[in-house]
Amino acid sequence: MEERGSPDGDPAWSLEQGAEGPETPIQVVLRVRPMSAAELRRGEQSALHCSGTRTLQVSPPGGGPDVAFRFGAVLDGARTQEDVFRACGVRRLAELALRGFSCTVFTFGQTGSGKTYTLTGPPPQGEGVPVPPSLAGIMQRTFAWLLDRVQHLGAPVTLHASYLEIYNEQVRDLLSLGSSRPLLVRWNKTRGFYVEQLRVVEFGSLEALMELLQMGLSRRRSSAHTLNQASSRSHALLTLYVSRPASQQMPSVDPREPPVGGKLCFVDLAGSEKVAATGSRGELMLEANSINRSLLALGHCLSLLLDPQRKQSHIPFRDSKLTKLLADSLGGRGVTLMVACVSPSAQCLPETLSTLRYASRAQRVTTRPQGPKSPGAKQPQHVEVEVLQLREENRRLRLQLDRVDPKAPGLHGARMAWAQRNLYAMLHEFMLENERLRKEVSQLQGSRDLAQDEQRVLAQQVHELERRLLSACSLHQPAPAPPCPCLMMPAAPCHALPPLCSCPCCHLCPLCRAPLTRWACLRRECHLPQVLDPEAHGGMLLSARPPPWAPPRSPGSAKCPKEKNHSDWTQTQVLAEMLTEEEVVPSAPPLPMGSPSAPPVLRDGVGVPNLAQRLEALRHQIGNSLRRGQSQPPLSEGARSPGQDRPPR
Ligand SMILES: Nc1ncnc2c1ncn2[C@@H]1O[C@H](COP(=O)(O)OP(=O)(O)OP(=O)(O)O)[C@@H](O)[C@H]1O
């Protein structure tokens with residue numbers, strides 16, 4: 001069977017070419033499982049007929065017109081696990097994950113329709129009885145393909161995995177080392193919704209990954225009921241994180257966070273069930289109610305996502321843990337594939353029709369896949385917009401809460417308690433998030449203000465030192481001083497008066513290109529006449545020249561790179577960047593506070609020591625030139641005595 005979504009001719013493949021791709025619909029593949037032994041025993045008839053590779057024909061048992069449904073691919077009961085793997089195009093998703101996209105495969109359908117079978121294959125038939133490789137599901141096949149691909153990539157790739165289940169609206173870690181207690185679902189601006197303290201395990205081989213899968217599968221809740229002997233009672237999410245070396249991506253801000261990079265998530269949803277049909281009682285019934293409620297919330301989000309106007313505003317992803325964790329896959333920046341599973345039996349037709357409608361709706365939902373982004377890329381304004389949106393949602397939730405009238409008909413007993421518990425929990429969680437965001441915004445603003453203050457102080461110091469340097473130089477300068485050919489400083493300090501050359505632009509001698517020792521050209525005598533030739537340089541005024549700390553001209557260039565006036569050069573950002581040779585990021589964490597007289601210190605301790613050293617060098621130079629000025633006799637008439645015109649210290 002041909003693989004869908006192959007790179008050639010598939011518009012979705014162009015995703016990899018841009019940071020944010022076009023609107024991409026959720027891909028839906030429909031799988032009809034074969035009649036089960038029990039269904040055959042009961043003599044049930046098939047109500048489904050696959051006509052072609054993309055259309056499913058539904059024939060109601062009592063006659064009546066057929067109904068047709070079209071999907072990306074329709075696979076009948078004769079299709080093997082390998083056919084399904086190929087038809088779903090999961091290799092394409094894995095490839096996209098390797099390129100930094102966030103991809104999701106989820107199975108959906110009634111209980112007993114074959115979701116778990118499709119994703120992970122049948123359960124082992126006994127202790128130590130291995131499942132034949134031909135029955136391996138989409139997950140094992142994708143794992144094998146991915147690890148093989150990584151091996152042949154020729155570039156280092158790091159792989160991590162996490163595995164969780166949502167059982168009775170509580171998140172549990174299926175890979176936890178100790179006892180598994182419920183984990184909180186949180187939200188932040190870089191990760192969206194995420195599970196706090198979820199164990200993320202690094203693995204390097206297919207065997208290690210298979211072990212993690214088996215560990216999770218064996219811990220996942222399952223029970224027997226009328227329609228399925230091994231029915232999953234929870235939604236399970238296994239996520240693979242693919243990260244490339246630091247040179248190809250930004251590192252994660254928090255070492256406890258999973259690495260930033262591509263993601264491939266497999267979601268095995270618990271099946272919807274009619275409690276009357278499955279005969280669930282007690283705990284089974286509670287589980288069934290919880291499963292149905294979260295699937296209802298998922299369906300509600302899908303319906304709203306279909307409405308372009310609603311999509312822009314509020315989608316109630318917070319209504320359940322499942323919708324929170326699938327928010328990005330459904331309405332966000334992920335690439336998503338849904339495998340809808342149905343039973344062919346006419347007895348299951350109402351549930352099958354419900355699945356088909358659900359799946360039809362899902363394939364009209366679009367996402368905007370987006371490549372990897374730096375975690376710190378968001379600007380404070382974006383955070384503020386998010387805070388505003390969250391406040392609006394907060395207000396809506398309060399309204400919802402107010403509307404829960406204890407005397408309202410139909411809202412009493414357990415339902416009432418459930419509604420209140422959930423709304424209060426949601427509200428509480430939401431307010432905590434809001435509070436965190438507010439703190440973050442004010443921290444960002446504080447750090448930006450500090451950085452600006454700091455840049456102002458540095459600019460003033462450099463300006464002052466520059467002034468002192470120029471005034472010190474003028475003490476020994478023969479009048480009139482011909483300008484230096486490099487146009488960065490008067491010529492006299494550069495070549496005529498050794499060893500006074502202090503022009504930082506002359507790392508190479510502009511005439512002979514020889515490296516300058518102590519910033520003075522060793523062969524200055526031989527080209528002194530050229531230097532002193534007034535034709536060799538444009539008559540640039542000192543006030544129009546960049547200050548001494550301006551960057552050197554590119555070797556071989558006859559002109560200064562770009563003429564800037566003095567105020568341009570003292571623009572604080574430009575200044576700090578040139579001196580430290582790195583970008584000054586206004587949103588970096590706040591600076592440590594120092595005494596006002598202490599030399600300025602930039603964040604991370606990298607830039608400013610550099611800057612401070614340069615300032616120190618400038619100070620040193622001024623001192624030297626002053627000392628020389630004091631010890632030398634006046635060079636010409638009209639030259640002032642050093643004591644007379646000593647620059648302030
Ligand atoms: N394509 C198939 N070929 C053969 N057997 C299948 C197929 N699909 C499902 N089955 C069998 O049907 C039964 C139910 O399948 P499965 O447990 O995967 O359903 P499910 O949708 O995950 O159910 P639940 O939601 O209750 O967990 C299992 O015994 C499984 O082996």
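When a ligand or atom number is given, it counts from 1 through the structure's own listing order. The model shown is predicted, which means the values in this text are computed figures rather than measured ones.
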Of all the heavy atoms in [X], does at least one lie under 4.0 Å from an atom in ligand 1?
X	value
Gly109	no
Gln110	yes
Ser36	no
Pro34	yes
Arg79	no

Heavy-atom proximity to atom 21 (O) of ligand 1, best of Gln125, Arg220, Lys115, Glu39: Lys115

Residue selection (non-hydrogen contact nearest atom 15 (O) of ligand 1) among Cys341, Gly114, Ala37, Gly77: Gly114

Give a yes-or-no answer on whether the side chains of [X] and [Y] include a donor-acceptor pair shorter than 3.5 Å.
X	Y	result
Arg333	Ser102	no
Tyr117	Gln81	no
Gln57	Ser51	yes
Thr352	Thr355	no
Ser59	His49	no

Are Glu39 and Arg33 within salt-bridge range, i.e. N to O under 4.0 Å? yes

Look at [atom] and say which protein heavy atom is nearest, naming residue and atom and giving the distance to 0.1 Å.
atom	result
atom 12 (O) of ligand 1	Arg33 CD, 4.3 Å
atom 22 (O) of ligand 1	Thr116 OG1, 2.8 Å
atom 17 (O) of ligand 1	Asn228 ND2, 3.0 Å

Checking Ser234 side chain against Glu165 main chain: does a donor-acceptor pair fall under 3.5 Å? no

Kindly indicate whether the side chain of Leu298, heavy atoms from C-beta on, has any atom under 4.5 Å from the side chain of Phe317. no

Do Thr367 and Val335 have side chains that approach each other closer than 4.5 Å (heavy atoms only, starting at C-beta)? no

Under the 6.0 Å and 45° cation-pi test, does Arg191 pair with Tyr194? yes

Heavy-atom pairs closer than 4.0 Å: do any link ligand 1 to the side chain of Arg31, the backbone, both, or neither? side chain

Would you mind listing which atoms of ligand 1 come within a distance below 4.0 Å of any non-hydrogen atom of Gly271? 25 (O)

Look only at interatomic distance and state if [X] has a nitrogen or oxygen under 3.5 Å from any nitrogen or oxygen of ligand 1.
X	value
Gly112	yes
Tyr117	yes
Ser232	yes

Show your working on side chain to side chain contact (heavy atoms under 4.5 Å, CB included) between Leu264 and Thr239 and close with a plain yes or no. CA-CA 6 Å; Leu264 181 55; Thr239 308; over 6 Å; no

Under the 4.0 Å line, does any protein heavy atom show up next to atom 29 (O) of ligand 1? no

Any protein heavy atom sitting closer than 4.0 Å to atom 7 (C) of ligand 1? yes

